[in-house]
Chemist: 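The following block contains the structure, expressed as structure tokens.
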Amino acid sequence: MTRTDPQPNPAPTAARRRAARIYRCLQTTYPQAHCALNHRNAFELLIATILSAQCTDARVNLTTPDLFAQYPTAQAMAKAKQADVERLVKSCGFYRNKAKNIIGAAQGIVADFAGEVPRDMASLLTLPGVARKTANVVLGNAFGINHGMVVDTHIGRLAVRLGWTDADAKNATRIERDLMGLHPRAKWTDLSHLLIWHGRAICTARNPRCNSCVLERLCPKVGVD
């Protein structure tokens with residue numbers, strides 16, 4: 001990690017033990033949990049993750065086959081015309097800015113990284129449309145590098161409800177630090193999948209199904225009526 005990376009917030013031993021129990025329960029419940037964005041390589045995952053901002057993974061997965069058929073590599077995407085990419089990604093929302101970012105990211109990959117998606121946080125953050133969440137998704141899922149914790153809306157919500165953080169659910173930086181302090185580095189990528197799957201299946205935003213939850217006895221239900 002660099003000096004600009006969020007540093008883990010140390011957690012008490014009892015909190016880490018409870019967090020480990022929750023992790024094991026989720027792992028048993030969702031043994032198939034994985035990245036929901038379809039991809040064949042790091043470039044496709046990077047572009048899909050940029051497109052997924054304020055958009056469902058399902059919609060992105062419907063969009064990317066045609067996009068990657070037209071532009072299968074960073075070199076091809078770097079030469080794309082903005083209007084052509086906009087047409088292909090329009091259904092993902094914010095399509096003008098997303099088209100600009102994915103073309104810009106491809107151009108950065110070609111110009112600065114010899115056409116290969118970089119494998120470190122600092123380099124990834126130089127690419128248009130890439131912030132920590134996107135970089136963590138790529139590092140963890142494309143390269144098996146647990147640099148940090150992905151914090152999306154599901155993970156932020158569950159971290160608060162489970163009592164793993166006292167930060168606001170939208171404070172991604174603070175939540176990432178708290179989660180990193182609770183869980184061993186080797187589990188960070190897998191944990192993000194487990195929390196996302198549980199957030200979609202059971203611990204939903206408006207009507208969490210606490211009575212059906214495997215974590216019912218372990219969860220303090222912070223903020224849940």
Chemist: What's the separation between atom OG1 in Thr134 and atom CG in Leu124, rounded to the nearest 0.5 Å?
Modeler: 9.5 Å

Chemist: Does any non-hydrogen side-chain atom of Arg177 lie less than 4.5 Å from one of Pro8?
Modeler: no

Chemist: Enter the distance from Arg24:CZ to Leu218:CG here, rounded to the nearest 0.5 Å.
Modeler: 9.5 Å

Chemist: Would a 4.5 Å heavy-atom cut-off, applied to side chains only, mark Arg21 and Arg17 as touching?
Modeler: no

Chemist: Could you check whether any side-chain N or O of Arg209 sits under 3.5 Å from a backbone N or O of Cys203, counting only pairs where one atom can act as donor and the other as acceptor?
Modeler: no

Chemist: How close do Arg18 and Leu162 get, counting heavy atoms only, and between which atoms?
Modeler: NH2-O, 2.6 Å

Chemist: Is there a chain of hydrophobic side chains (I, L, V, M, F, W, Y, each step under 4.5 Å between heavy atoms) that links Val151 to Val160?
Modeler: no

Chemist: Kindly give the heavy-atom pair with the smallest separation between Cys25 and Leu215, and that separation in Å.
Modeler: CB-CD2, 3.6 Å

Chemist: Are any of the side-chain nitrogens in Arg87 or Asp66 under 4.0 Å away from the carboxylate oxygens of its partner?
Modeler: no

Chemist: Mind checking the CG-CD spacing from Leu67 to Glu44? Nearest 0.5 Å is all I need.
Modeler: 9.0 Å

Chemist: Can you find a side-chain donor-acceptor pair between Asn136 and Glu176 that sits under 3.5 Å?
Modeler: yes

Chemist: How far apart are the C-alpha atoms of Gln27 and Asp190, what are their side-chain angles, what is the distance that settles it, and do they pass the side-chain contact (heavy atoms from CB on, under 4.5 Å) test?
Modeler: CA-CA 9 Å; Gln27 194 175 44; Asp190 187 41; 3.5 Å; yes

Chemist: What distance separates Ser192 OG from Leu158 CG, expressed to the nearest 0.5 Å?
Modeler: 12.0 Å

Chemist: Nearest 0.5 angstrom please: Thr64 OG1 to Leu37 CG, how far?
Modeler: 8.0 Å

Chemist: Consider only side-chain heavy atoms of I, L, V, M, F, W and Y, link residues closer than 4.5 Å, and tell whether Phe43 and Ile145 are in one cluster.
Modeler: yes

Chemist: Between Arg161 and Gly223 (side chain of the first, backbone of the second, donor and acceptor by atom type, cut-off under 3.5 Å), is there such a pair?
Modeler: no

Chemist: Tell me whether Phe113 is reachable from Tyr71 by hopping between hydrophobic residues (I, L, V, M, F, W, Y) whose side-chain heavy atoms are closer than 4.5 Å.
Modeler: yes

Chemist: Stepwise, does the ring pair (Phe, Tyr, Trp, His ring centres under 6.0 Å) test hold for His154 with Trp197?
Modeler: CA-CA 9 Å; His154 296 292; Trp197 281 52; over 10 Å; no

Chemist: Quick check on Glu116: does its CD atom have over 12 non-hydrogen neighbours (other residues, nucleotides or ligands) under 6.0 Å away?
Modeler: no

Chemist: Begin from the C-alpha positions of Leu179 and Ile155 and carry the test side-chain contact (heavy atoms from CB on, under 4.5 Å) through to its verdict.
Modeler: CA-CA 10 Å; Leu179 293 179; Ile155 294 172; 3.7 Å; yes

Chemist: Report the C-alpha separation of Arg157 and Asp152 in whole Å, then their side-chain angles, then the decisive distance to 0.1 Å, and conclude whether the salt bridge (charged side-chain N to carboxylate O under 4.0 Å, His left out) test is met.
Modeler: CA-CA 9 Å; Arg157 179 175 71 252; Asp152 70 353; over 6 Å; no

Chemist: Under 3.5 Å, is there a donor-acceptor pair linking the side chains of Asp120 and Ser123?
Modeler: yes

Chemist: Within a strict 4.5 Å, meaning less than it, do heavy atoms of the Ile109 and Leu46 side chains meet?
Modeler: yes

Chemist: Using side-chain heavy atoms (C-beta onward) and a distance below 4.5 Å, is Asp5 in contact with Gln7?
Modeler: yes

Chemist: With a sphere of 6.0 Å drawn around NZ of Lys100, does it hold more than 12 non-hydrogen atoms of other residues, nucleotides or ligands?
Modeler: no

Chemist: Which heavy atom of Gln82 sits nearest to which heavy atom of Ala99, and what is that distance?
Modeler: NE2-CB, 3.9 Å

Chemist: What heavy-atom pair brings Cys55 and Cys92 nearest, and what distance separates the two atoms?
Modeler: CB-O, 3.5 Å

Chemist: Could you walk me through whether Ile202 and Thr29 satisfy the side-chain contact (heavy atoms from CB on, under 4.5 Å) test, starting with their C-alpha distance in whole Å, then the side-chain angles of each, then the deciding distance to 0.1 Å, before giving a yes or no?
Modeler: CA-CA 11 Å; Ile202 300 293; Thr29 305; over 6 Å; no

Chemist: May I ask you to test the His193-Asn141 pair for a side-chain heavy-atom distance under 4.5 Å?
Modeler: yes

Chemist: Go through the structure and list residues passing side chain to side chain contact (heavy atoms under 4.5 Å, CB included) with Arg174, not counting sequence neighbours.
Modeler: Asn9, Thr165, Asp166, Ala167, Asn171, Asp178

Chemist: Should Asn41 and Leu45 count as side-chain neighbours, where that means a heavy-atom distance under 4.5 Å?
Modeler: no

Chemist: Using the side chain to side chain contact (heavy atoms under 4.5 Å, CB included) rule, pick out the option among Val85, Ile103, Leu51 that qualifies with Lys98.
Modeler: Leu51

Chemist: Please determine, by modelled atom types, if Asp57 and Ser52 share a side-chain donor-acceptor pair under 3.5 angstrom.
Modeler: no

Chemist: Would you indicate whether the side-chain heavy atoms of Tyr95 and Leu88 approach each other to under 4.5 Å?
Modeler: no

Chemist: Could you grab the distance from atom OG1 of Thr56 to atom CZ of Arg200, nearest 0.5 Å is fine?
Modeler: 8.0 Å

Chemist: Assert yes or no for the condition that the ring centre distance of His147 to Trp188 is strictly below 6.0 Å.
Modeler: no

Chemist: With the side chain counted from C-beta on, respond yes when His198 and Cys213 share a heavy-atom pair under 4.5 Å apart, and no when they do not.
Modeler: yes

Chemist: Start with the C-alpha distance between Phe68 and Ile47, add both sets of side-chain angles, then the distance that settles side-chain contact (heavy atoms from CB on, under 4.5 Å), and finish with yes or no.
Modeler: CA-CA 9 Å; Phe68 295 141; Ile47 299 305; 3.9 Å; yes

Chemist: Could you pull out the closest heavy-atom pair between Phe143 and Pro118, with the gap in Å?
Modeler: CE1-O, 3.5 Å

Chemist: Give a yes or no on whether the backbone of Leu182 and the side-chain of Trp164 come within a donor-acceptor separation of less than 3.5 Å.
Modeler: no

Chemist: Between the side chains of His183 and Tyr23, is a donor N or O closer than 3.5 angstrom to an acceptor N or O?
Modeler: no

Chemist: Does Asp112 use its side chain to pair, donor to acceptor, with the backbone of Leu127 at less than 3.5 Å?
Modeler: no

Chemist: If you take all heavy atoms of Thr63 and Ser91, which pair is closest and at what distance?
Modeler: OG1-OG, 3.2 Å

Chemist: May I ask you to decide whether Lys221 forms a salt bridge with Glu216, counting only side-chain N to carboxylate O separations under 4.0 Å?
Modeler: yes

